[in-house]
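Okay, so here's the structure we're looking at.
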Number of protein chains: 2
Amino acid sequence: MRVPKKERQVELQHTIEQNPFITDEALAVRFNVSIQTIRLDRMELKIPELRERIKHVATERLDDVRTLTESEVIGDMIDLKLDTSAISILEILPEHAFSRNAIARGHILFAQANSLAIALIDDELALTTRANVQFTRSVHVGERVVAKAFVSSHRQDGRSDINVESYVGDECVFIGEFTVYRSSKEES
Amino acid sequence: MRVPKKERQVELQHTIEQNPFITDEALAVRFNVSIQTIRLDRMELKIPELRERIKHVATERLDDVRTLTESEVIGDMIDLKLDTSAISILEILPEHAFSRNAIARGHILFAQANSLAIALIDDELALTTRANVQFTRSVHVGERVVAKAFVSSHRQDGRSDINVESYVGDECVFIGEFTVYRSSKEES
DNA sequence: CTACTATTATCACCTGGTACTAATAGTAGT
DNA sequence: ACTACTATTAGTACCAGGTGATAATAGTAG
């Protein structure tokens with residue numbers, strides 16, 4: 001044995017994780033074992049073949065890119081009463097945080113709250129004109145942030161005030177007041 | 001001929017563009033021609049085979065996802081005087097905006113300003129604790145937003161106040177006051 | 001010496017292709 | 001009607017990067 005099996009498998013796992021595009025053949029050379037051994041390792045570790053890995057990365061992309069940018073709401077909306085209140089949940093992933101300390105970047109929490117406030121307004125066009133926010137506790141990777149938004153007033157000048165409070169468990173991590181401009185009509 | 005060649009090729013182009021994961025076989029069924037015809041079409045149109053297409057999508061992702069999330073600064077930093085001032089530029093792309101009206105989402109401008117404020121602080125750890133922002137004019141897709149940040153005060157309690165103003169041309173589109181907490185040391 | 005694990009070797013087969021050659025269908029020009 | 005030309009189809013050999021199964025070999029521990 002060149003390297004104990006277990007050790008090799010751990011490294012194999014790592015290697016493939018940070019370069020999913022590597023073939024079994026290349027792995028065999030790298031670890032100085034036969035291709036068959038690599039295949040057995042992959043089986044035990046339940047790592048799919050190259051083509052499946054690539055496909056996975058490709059399809060993930062299609063979901064993923066839309067996280068902070070294209071999606072209408074950042075996080076998953078779990079409750080919505082138009083012009084009244086709304087709730088969304090966002091799980092903090094590594095890419096939402098500073099790499100050095102795994103603390104979520106401020107604009108991620110802001111984005112969740114802001115997009116929730118906008119979604120809450122039942123109007124063609126709603127734009128944030130002002131926001132006042134506080135980050136009351138740092139949020140770490142793996143935590144689930146629940147944002148609760150409620151309209152505090154619909155003004156006559158076409159603006160609405162919305163308060164958002166975000167929690168991890170029962171701890172408040174974010175407080176925000178948003179003023180949004182709504183395009184037209186209704187005062188329900 | 002079921003459908004003129006040219007017409008089929010235009011549709012083929014489209015079909016593959018919005019679903020790169022389709023095989024030649026599926027395409028052959030769809031257009032009611034033989035697989036070979038599809039292959040000839042792909043050749044003429046210089047469309048690569050399925051696996052290459054998937055690989056392409058997958059590799060693009062690796063660059064792409066890091067745009068609004070992982071990068072340290074949202075936008076391109078073009079000037080930085082630590083603990084003093086900084087400037088970044090962000091071009092508004094379609095995915096930064098509401099699809100219906102091509103107006104940039106508020107949290108995009110916030111993200112640019114916030115990340116610039118954080119980058120400005122010369123410390124191990126800097127976290128936003130409070131922000132007060134105004135969106136003074138809506139920004140459209142294609143416009144380039146120049147954010148200018150400067151430190152207005154370094155307080156003794158470990159916090160710093162930073163003002164950010166963002167412009168499109170000479171029009172101010174965003175004004176923000178950020179208070180950030182810095183982990184340790186120095187008052188330069 | 002045996003039992004057992006780890007590794008390697010073969011072989012048939014699969015998908016989704018490439019590359020090439022050849023046959024066939026349909027249509028236009030003279 | 002014959003020819004020229006394009007479009008389409010068919011078939012063959014081959015490729016990468018595998019799966020799945022079977023069998024042989026190496027190394028080590030009891």
Find the distance [X]:[atom1] to [N]:[atom2] and express it as a whole number of Å.
{"X": "A:Ile54", "N": "C:dT15", "atom1": "CD1", "atom2": "C1'", "value": "14 Å"}
{"X": "A:Glu52", "N": "D:dG17", "atom1": "CD", "atom2": "C1'", "value": "12 Å"}
{"X": "B:Lys5", "N": "D:dT6", "atom1": "NZ", "atom2": "C1'", "value": "7 Å"}
{"X": "B:Lys6", "N": "D:dT6", "atom1": "NZ", "atom2": "P", "value": "14 Å"}
{"X": "A:Leu45", "N": "C:dA6", "atom1": "CG", "atom2": "C1'", "value": "15 Å"}
{"X": "A:Ile38", "N": "C:dA9", "atom1": "CD1", "atom2": "P", "value": "13 Å"}
{"X": "B:Gln9", "N": "D:dT6", "atom1": "CD", "atom2": "C1'", "value": "13 Å"}
{"X": "A:Phe31", "N": "C:dT7", "atom1": "CZ", "atom2": "P", "value": "12 Å"}

Item to complete: Ignoring backbone atoms, test whether A:Ser34 places a side-chain nitrogen or oxygen under 4.0 Å from the OP1 or OP2 oxygen of C:dT8.
Response: yes
Worksheet item: With a non-hydrogen cut-off below 4.0 angstrom, is B:Leu40 in contact with a base, only sugar-phosphate, or nothing?
Response: base
Discussion item. Generate the contact string for nucleotides 16-22 of chain C. Rules: B means base contact, S means sugar-phosphate contact only, - means no protein heavy atom under 4.0 Å.
Written reply: BBB----
Response to the item:
dist A:Tyr181:OH -> A:Thr129:OG1 (nearest 0.5 Å) comes out at 10.0 Å
Fill in: Salt-bridge criterion met for A:Asp161 and A:Arg159 (N-O under 4.0 Å)
no
Worksheet item: Donor-acceptor pair, A:Arg105 side chain versus B:Asn114 backbone, under 3.5 Å?
Response: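 Between the backbone of B:Asn114 and the side chain of A:Arg105 there is no qualifying donor-acceptor contact (under 3.5 Å).
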Worksheet item: Taking A:Leu27 as the fixed residue, which of A:Leu50, A:Asp41, A:Leu12, A:Val33 is the one that meets the side chain to side chain contact (heavy atoms under 4.5 Å, CB included) rule?
Response: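 The residue from A:Leu50, A:Asp41, A:Leu12, A:Val33 that satisfies side chain to side chain contact (heavy atoms under 4.5 Å, CB included) with A:Leu27 turns out to be A:Leu12.
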Worksheet item: B:Phe174 vs B:Phe135 aromatic rings, parallel, tilted or perpendicular, using cut-offs 30° and 60°?
Response: perpendicular
Fill in: Under 3.5 Å on both distances, the Watson-Crick or G-U partner of D:dA13
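C:dT18 is the nucleotide pairing with D:dA13.
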Fill in: Complement of D:dT28, any strand, by Watson-Crick or G-U distances under 3.5 angstrom
C:dA3
Worksheet item: Got A:Arg8 and A:Glu11 here, is their nearest side-chain heavy-atom distance under 4.5 Å?
Response: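 Contact flag for A:Arg8/A:Glu11 side chains = no.
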Practice prompt. Assess the side chains of A:Ser160 and A:Arg182: does a donor N or O sit below 3.5 Å from an acceptor N or O?
Written response: yes
